[in-house]
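This is a predicted model, so every value here is computed, not measured.
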Amino acid sequence: MEGNRADEFRKSAQKSDDARDAGLETPDDIVRYDNICYGKDNRWNLLDVYHQKEVDAPRPAIVSIHGGGWVYGDKERYQYYCMNLAQRGFTVVNFSYRLAPEHIFPAALEDVNDVFVWIAEHGRQYQIDTDRLFVVGDSAGGQLASQYLALLTCKEYRKLFDFTVPHDRLTVLGAGLNCGLYDTKRFIMEAEEDDIIFHYLNHDRETYLDRMDTFSHVTEKFPPSFIMTSCHDFLYPYAEPMYQLLQELGVPCRYRVYGASDRTDVAHVFHLDIRLAEAALCNDEECEFFRSILDTQMHN
């Protein structure tokens with residue numbers, strides 16, 4: 001996939017996202033802190049924090065990792081979805097990260113790590129309870145989320161990377177893995193040479209394969225996860241195997257498939273369309289899963 005094809009993908013995705021979010025505004029009950037720099041790149045290493053107006057102490061927080069095939073997307077495309085989550089009672093961190101092909105692997109993952117380092121150091125100033133974190137990610141963001149959670153919970157996996165993960169400075173209690181890619185090694189081995197993932201991997205199938213192999217580094221310490229997909233999600237085949245792996249490891253998890261064969265509008269990352277009834281149902285159920293984890297923690 002050449003650079004101009006990446007540009008075409010970006011234009012197409014932006015047109016779709018613009019149509020989805022047309023007319024949406026910041027809700028009256030939400031406070032937002034915008035464009036906080038969390039890393040060295042002043043263009044891409046920016047994050048927003050959202051929470052309800054009445055919040056005056058650290059709250060359980062959701063960190064959202066956006067999708068976009070590793071080549072597209074930013075926090076502006078996810079702001080309404082993330083503020084919608086904040087309306088469900090969470091503080092939400094919404095951030096941009098460096099994109100391929102301009103920034104190849106592991107740039108995006110390094111940026112995810114820098115966000116968590118920032119949260120460990122500054123989170124409580126923005127009503128983030130660093131001991132009660134949740135992570136959500138969809139599509140390529142689901143890949144990044146599952147990979148980063150594996151890094152947080154698997155010492156052997158961390159040895160493959162040259163950055164320091166703040167695994168002992170914060171606590172991730174749960175995850176929402178939405179329409180994502182998880183068995184990345186399988187995906188890479190089966191992908192055509194022009195697949196979009198090779199922009200991220202610099203057209204090199206072999207060099208990065210071990211470090212991209214999340215599945216082999218998921219352990220029983222992986223956080224409880226809500227795994228969802230839809231009948232018309234093109235990454236549907238990757239959801240149930242992740243659920244089965246976590247079940248085999250004894251990790252509490254829930255698996256949901258939304259939509260129906262005649263509902264083509266409930267497709268890949270449908271949950272971002274906050275005006276869609278199925279999106280509201282999915283996001284409600286995912287946040288309720290997070291609350292159940294908080295309830296269990298409180299009573300233990």
Side-chain angles (χ1 to χ4, degrees), residues 6-7 9-11 13-14 17-18 20-21 24-27 30-52 55 58-59 61-87 90-130 133-145 147-149 151 163-166 169-170 172 176 178 199-200 269 272 274:
D7 291 339
F9 176 84
R10 290 168 175 170
K11 290 177 182 178
Q14 181 171 334
D17 287 352
D18 286 346
R20 179 196 67 206
D21 294 340
L24 294 176
E25 297 179 350
T26 298
I30 292 297
V31 172
R32 55 185 299 166
Y33 307 89
D34 295 340
N35 297 320
I36 302 165
C37 190
Y38 68 84
K40 297 179 181 178
D41 190 311
N42 292 328
R43 177 185 179 189
W44 291 107
N45 293 163
L46 298 174
L47 62 80
D48 298 346
V49 180
Y50 316 125
H51 62 69
Q52 292 173 310
V55 171
R59 283 274 188 97
I62 295 172
V63 183
S64 171
I65 306 177
H66 75 73
W70 305 276
V71 304
Y72 165 79
D74 55 36
K75 63 186 179 65
E76 310 310 322
R77 305 295 158 190
Y78 276 62
Q79 61 179 314
Y80 300 111
Y81 160 68
C82 286
M83 287 188 287
N84 193 250
L85 294 181
Q87 288 182 299
F90 296 85
T91 299
V92 179
V93 179
N94 171 31
F95 67 97
S96 301
Y97 54 81
R98 289 172 295 168
L99 301 173
E102 294 84 0
H103 304 280
I104 63 169
F105 175 84
L109 192 63
E110 291 172 340
D111 290 353
V112 172
N113 186 60
D114 283 347
V115 168
F116 280 86
V117 171
W118 180 90
I119 290 171
E121 295 176 350
H122 305 288
R124 290 187 174 271
Q125 301 172 33
Y126 293 90
Q127 315 304 2
I128 296 169
D129 186 339
T130 56
L133 297 177
F134 298 91
V135 178
V136 300
D138 58 77
S139 196
Q143 184 274 319
L144 288 166
Q147 186 173 30
Y148 191 70
L149 292 171
L151 280 170
F163 53 83
T164 301
V165 176
R169 300 168 61 193
L170 41 75
V172 175
N178 304 317
H199 258 335
Y200 183 43
V269 300
L272 302 178
I274 62 173

(message) Once rounded to the nearest 0.5 Å, what's the spacing between atom CG of L47 and atom SG of C82?
(response) 11.0 Å
(request) Of all the heavy-atom pairs spanning F90 and A61, show the shortest one and how long it is. (result) CD2-N, 4.5 Å
(request) Report, as yes or no, whether the 6.0 Å neighbourhood of atom CD on E25 holds more than 12 heavy atoms from other residues, nucleotides or ligands. (result) no
(message) Quick check for you: to the nearest 0.5 Å, what is the distance between I274 atom CD1 and L24 atom CG?
(response) 5.0 Å
(request) Calculate, to the nearest 0.5 Å, the distance between atoms OG1 and CD belonging to T26 and Q79 respectively. (result) 6.0 Å
(request) Check for a donor-acceptor pair, side chain of R10 on one end and backbone N or O of V71 on the other, with a separation under 3.5 Å. (result) yes
(request) Give the C-alpha distance, both sets of side-chain angles, the deciding distance and a yes or no for side chain to side chain contact (heavy atoms under 4.5 Å, CB included) between M83 and V92. (result) CA-CA 7 Å; M83 287 188 287; V92 179; over 6 Å; no
(request) Look only at the side chain of T91 and the backbone of Q127, and say whether a donor-acceptor pair between them is shorter than 3.5 Å. (result) yes
(request) Would you give the length of the straight line joining atom CD of E102 to atom CH2 of W44, rounded to the nearest 0.5 angstrom? (result) 7.5 Å
(request) Classify the angle between the aromatic ring planes of W118 and Y126 as parallel (below 30°), tilted (30 to 60°) or perpendicular (above 60°). (result) tilted
(message) Within this structure, what is the CG-OH distance for the pair N94 and Y80, rounded to the nearest 0.5 Å?
(response) 11.5 Å
(request) Check Q52 against A86 and note the closest heavy-atom contact, atom names and distance. (result) CG-O, 3.5 Å
(request) Kindly indicate whether the side chain of R124, heavy atoms from C-beta on, has any atom under 4.5 Å from the side chain of T130. (result) yes
(request) Please confirm whether the backbone N or O of D48 pairs with a side-chain atom of N35, one donor and one acceptor, at under 3.5 Å? (result) no
(message) Can you give me the closest heavy-atom contact between G67 and S139, atom names plus distance?
(response) CA-CB, 4.4 Å
(request) Answer yes or no: is there a side-chain heavy-atom contact under 4.5 Å between C37 and L46? (result) yes
(request) State which residue, out of D74, D41, D111, fulfils the salt bridge (charged side-chain N to carboxylate O under 4.0 Å, His left out) condition with R98. (result) D111
(message) Give me the atom names and distance for the closest heavy-atom approach of A145 to I65.
(response) CA-CD1, 3.7 Å
(message) Counting C-beta onward and ignoring hydrogens, is there a side-chain heavy-atom pair between D114 and F95 closer than 4.5 Å?
(response) no
(message) What verdict does the side chain to side chain contact (heavy atoms under 4.5 Å, CB included) test give for Y72 and Q14, after you've listed the backbone C-alpha separation in whole Å, the side-chain angles of each residue and the deciding distance to 0.1 Å?
(response) CA-CA 8 Å; Y72 165 79; Q14 181 171 334; 3.8 Å; yes
(message) Just so I know, are the side chains of E121 and R169 near enough to count as touching, which here means a heavy-atom distance under 4.5 Å?
(response) yes
(message) I'd like to know if the side chain of N45 and the backbone of K40 have a donor-acceptor N/O pair within less than 3.5 Å.
(response) yes
(request) Using a strict 4.0 Å threshold on nitrogen-to-oxygen distance, state whether D17 and R77 make a salt bridge. (result) no
(message) Show, in sequence, the C-alpha distance, side-chain angles and deciding distance for V135 and Y148, and conclude whether the side chain to side chain contact (heavy atoms under 4.5 Å, CB included) test is met.
(response) CA-CA 10 Å; V135 178; Y148 191 70; over 6 Å; no
(request) Please answer whether the main-chain N or O of K75 pairs with a side-chain N or O of S96 as donor and acceptor at a distance below 3.5 Å. (result) yes
(message) Can you give me the closest heavy-atom contact between G68 and F9, atom names plus distance?
(response) O-CE2, 3.6 Å
(message) Nearest 0.5 angstrom please: I62 CD1 to L85 CG, how far?
(response) 5.0 Å
(request) For the residue pair D34 and Y50, establish whether any side-chain heavy-atom pair is separated by less than 4.5 Å. (result) yes
(request) Would you name the heavy atoms of L99 and G73 that are closest together and state the gap between them? (result) CD1-O, 3.5 Å
(message) Please verify the inter-ring angle class for H66 with Y78; under 30° counts as parallel, over 60° as perpendicular, anything in between as tilted.
(response) tilted
(request) Starting from the C-alpha separation in whole Å, work towards a yes-or-no answer on side chain to side chain contact (heavy atoms under 4.5 Å, CB included) for L151 and L109. (result) CA-CA 10 Å; L151 280 170; L109 192 63; 3.7 Å; yes
